[in-house]
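Have a look at the structure below before the remarks.
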Amino acid sequence: MLNIYNSLSQSKETFKPIKPGKVSMYVCGITIYDYSHIGHARTFVSFDVIARYLRYSGYDLTFIRNITDIDDKIIARANENKESIHELTARFEKIMHEDFDSLGMIKPDIEPKATESINEIIEIIQTLMDKGFAYQGEDGDIYYHVPKFEDYGKLSKQNLEALQAGERVGVASDKKSPMDFVLWKMAKPEEPSWSSPWGEGRPGWHIECSAMSKKCLGDHFDIHGGGSDLQFPHHENEIAQSEAANGCCFANTWIHTGMVQVDKEKMSKSLNNFFTIREVLALYRSESVRYFMLSSHYRSQLNYSEENLKAADASLERLYLSLRDLDLSNLPEVSTDSDYLAKFKQAMDDDFNTPEAMAVLFELAKEINRAKSTDLERALLLAAELIELGGVLGILQQSPEAFLKSSSSGEDSDDSRIGQLIAERNQARADKNWARADEIRDQLQAEGVVLEDKAGETVWRRE
RNA sequence: GGCUGGAUGGCAGAGUGGUUAUGCAGCGGACUGCAACUCCGUGGACGCCGGUUCGAUUCCGACUCCAGCCUCCA
């Protein structure tokens, strides 16, 4: 039985889909105008595992992850670059897909874009106008009138009075209430715009997600997710828009991921302390980066550091080492009543507890290592389980040799040269010239290549 | 100031009202020319103060500290 922590109720709830056997999930994607950073990676790897586990559990999942491709920052960046917003967003969309692929993320079923949902956006705004939840200011912009929505604050546990007390001063506008937010913004000259019943303009920040989730999943769906920094105001505003417009419930379960920290501070663009996915993938193996993302629970903060990334790589190396020297081409069928599978599921059923689930992977690795020398059949069965469970987390799907010989940076030292040095070293060993043998090993070690002398042969791997 | 969440062994990170998390690092042993890999064994922990309890790291309350949101943010 799957239990998920719901931000709405602030507690773990037994998950019950609206339609038995089916799950609809909408995850807020990125506003696209720059390279994606490690914080994005953390959130989307988390939802990737959630999606995989829902499917592994037998649910028929529809997974939506949007792209917000119109927004003030996009316009500003495109102007800086002297290019169109479409050129800018198309370029970074391609980069984002490459980065996400590198991290082993499965693709969402639909990846809607704000600019391809303008009709739906206008429809919702019109409904909100008709129902009296929205109004047009003197500047022509359309605003959502927050005090009109009684449940405002139910997700972020804020109340309007407190929010207004904390409101920063000096915001001059013709809003009726300081908490009101823009649904439709009138276009300034030379800004990209679409025609609407209220004039040429573009959508405000929050409305596109209400429109895209409705377009893809309908008024009422199972799971809505995103980074915890979106909980307020973005998700709160989505609820206000969608529930008011649709006159009914919106998402049942809200899932929020913890932020990535650098030196105990949130990684963010405004603090300029972020690492892009590209930068990090140049330093560490991509699968190790993914492993790192899953090594702590998705709701807790994750501290980015060289030490932690190296530890993740070493841990993953241990798992792959256990699979080495086994014939993985012909794996036996995994038995459904395996204790390890049961333990793994129990961990994942408890709000997707990946650290606990990964502990099961290490138990399997240890058992495989033991069984290798005593009971090869058992070792293979356990290896099949390890690979299957790894697959649920999106790891351990390459051959051990491929992982162990891969390097973090693209600049591999030459494999054939490594082979030559090993041959030379083995000649030295045969001659009992230990000094020369150790010299070669030290030299390779300095290049990040580790040698292991097995019976009859010497194998190598990169670390 | 308001609202959330957190504080676990050298590091990372789960979990539990009484019994081994797990990984890395350490220590002892086996294996090895020496290593590496692997196995066997092993030390080390629950921020602080009270309360509940036969017993609390785990429940309750206060305190201290840390982080997130309240402006753009994954």
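Quick note on labels: first sequence line is chain A, next is B, and so on, each numbered from 1. What you see is a predicted model; the values in this text were computed from it and never measured.
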Quick one: pull up OG in A:Ser24 and CG in A:Leu61 and give me the separation to the nearest 0.5 Å. 8.5 Å
With ring centroids as reference points, do A:Phe181 and A:Tyr143 lie under 6.0 angstrom apart? no
Is it the case that the base of B:C34 and the side chain of A:Asp453 share a donor-acceptor contact (distance under 3.5 Å, atom types as modelled)? yes
Give one of base, sugar-phosphate or nothing for A:Ser315, where a contact means two heavy atoms less than 4.0 Å apart. sugar-phosphate
Of the nucleotides B:A67, B:G23, B:C72, which one has an atom closest to the side chain of A:Arg318? B:G23
Side chain of A:Arg441, base of B:A35: donor and acceptor closer than 3.5 Å? yes
Counting any heavy atom closer than 4.0 Å, what does A:Val260 reach on the DNA or RNA strands: base, sugar-phosphate only, or nothing? base
Looking at B:C37, B:A67, B:C24, which one has an atom nearest to any side-chain atom of A:Arg324? B:C37
Gap in Å between the two C1' atoms, one belonging to B:G9 and one to B:G44, rounded: 5 Å
Hey, could you give me the CD/CG distance between A:Glu13 and A:Leu2, rounded to the nearest 0.5 Å? 11.5 Å
Nearest 0.5 angstrom please: A:Tyr26 OH to A:Lys215 NZ, how far? 10.0 Å
With a 4.0 Å cut-off on heavy atoms, is A:Gln231 in touch with a base, just the backbone sugar-phosphate, or nothing at all? nothing
What's the closest nucleotide to the side chain of A:Met259 if the choices are B:A74, B:C37, B:A14? B:A74
With heavy atoms under 4.0 Å as the rule, sort A:Met267 into base, sugar-phosphate or nothing. base
Please tell me which of A:His297 and A:His40 maps to the more 5' nucleotide of RNA chain B, matching each residue to the nucleotide holding its nearest heavy atom. A:His297
Please name the pair of heavy atoms, one in A:Ser296 and one in A:Leu302, separated by the smallest distance, quoted to 0.1 Å. OG-CD1, 3.4 Å
Proximal nucleotide (of B:G68, B:C72, B:U38) relative to the A:Glu265 side chain: B:G68
A:Gly39 near the nucleic acid: base, sugar-phosphate alone, or nothing, with a heavy-atom cut-off under 4.0 Å? base
Look at all strands and tell whether A:Gly153 reaches a base, only sugar-phosphate, or nothing, counting heavy atoms closer than 4.0 Å. nothing
Side-chain atoms of A:Lys266 come closest, of B:C70, B:A74, B:G33, to B:A74
What nucleic acid atoms does A:Asn308 come within less than 4.0 Å of, heavy atoms only: base, sugar-phosphate, or nothing? sugar-phosphate
A:Lys107 charged N/C atom sitting above A:Phe63 aromatic ring, 6.0 Å / 45°: no
Taking the same atom, C1', in B:C11 and in B:G5, what whole-Å distance lies between them? 23 Å
Kindly say whether, by distance alone, the side chain of A:Lys269 makes a donor-acceptor pair under 3.5 Å with the base of B:C72? no
Check each residue of residues 361-379 of chain A for a non-hydrogen atom within less than 4.0 Å of any atom in RNA chain B, then write out the ones that pass by number, or none. A:Phe362, A:Lys366, A:Asn369, A:Arg370
Is a donor-acceptor contact shorter than 3.5 angstrom present between the side chain of A:Arg461 and the base of B:C37? no
Test side-chain contact (heavy atoms from CB on, under 4.5 Å), reference A:Asn369, set A:Glu367, A:Lys366, A:Lys372, output is A:Lys372
What is the nucleic acid contact for A:Arg425, judged by heavy atoms within less than 4.0 Å: base, sugar-phosphate only, or nothing? base
In terms of ring plane angle, is the pair A:His37 and A:Phe274 parallel, tilted or perpendicular, where the classes change at 30° and 60°? tilted
On a whole-Å scale, what distance lies between the P atoms belonging to B:C60 and B:U16? 13 Å
Using the six-membered ring wherever Trp is involved, compare the ring planes of A:His224 and A:Trp254 and label them parallel, tilted or perpendicular (cut-offs 30° and 60°). parallel
Roughly how far apart, to the nearest Å, are B:C27 and B:G33 at atom C1'? 24 Å
Can you give the dot-bracket line for RNA chain B, where a pair is Watson-Crick or G-U wobble with both atom distances under 3.5 Å, crossing pairs use [ ], and | marks a partner on another strand? (((((((..(((.....[...))).(((((.......)))))....(.(((..]....))).))))))))....
Examine the side chains of A:Gln427 and A:Asp431 and answer whether a donor and an acceptor come within less than 3.5 Å of each other. yes
What nucleic acid atoms does A:Ser270 come within less than 4.0 Å of, heavy atoms only: base, sugar-phosphate, or nothing? base
Any N or O donor-acceptor pair under 3.5 Å from the base of B:G15 to the side chain of A:Asn353? no
Checking all strands, does A:Gln445 fall into the base, sugar-phosphate, or nothing category for heavy-atom contacts under 4.0 angstrom? nothing
Establish, from distance only, whether the side-chain atoms of A:Asn237 and A:Tyr152 form a donor-acceptor pair under 3.5 Å. yes
Quick one: on RNA chain B, does A:Asp229 or A:Gln301 contact a more 5' nucleotide (nearest heavy atom)? A:Gln301
Quick one: label A:Ser300 by what it contacts on the DNA or RNA (base, sugar-phosphate, nothing), any heavy atom closer than 4.0 Å. sugar-phosphate
Please state how far atom CG in A:Leu382 lies from atom P in B:U38, giving the value in whole angstrom units. 16 Å
If the P atom of B:A25 is compared with that of B:G61, how far apart are they to the nearest Å? 41 Å
Touch class at under 4.0 angstrom, heavy-atom based, for A:His37 against every strand present: base
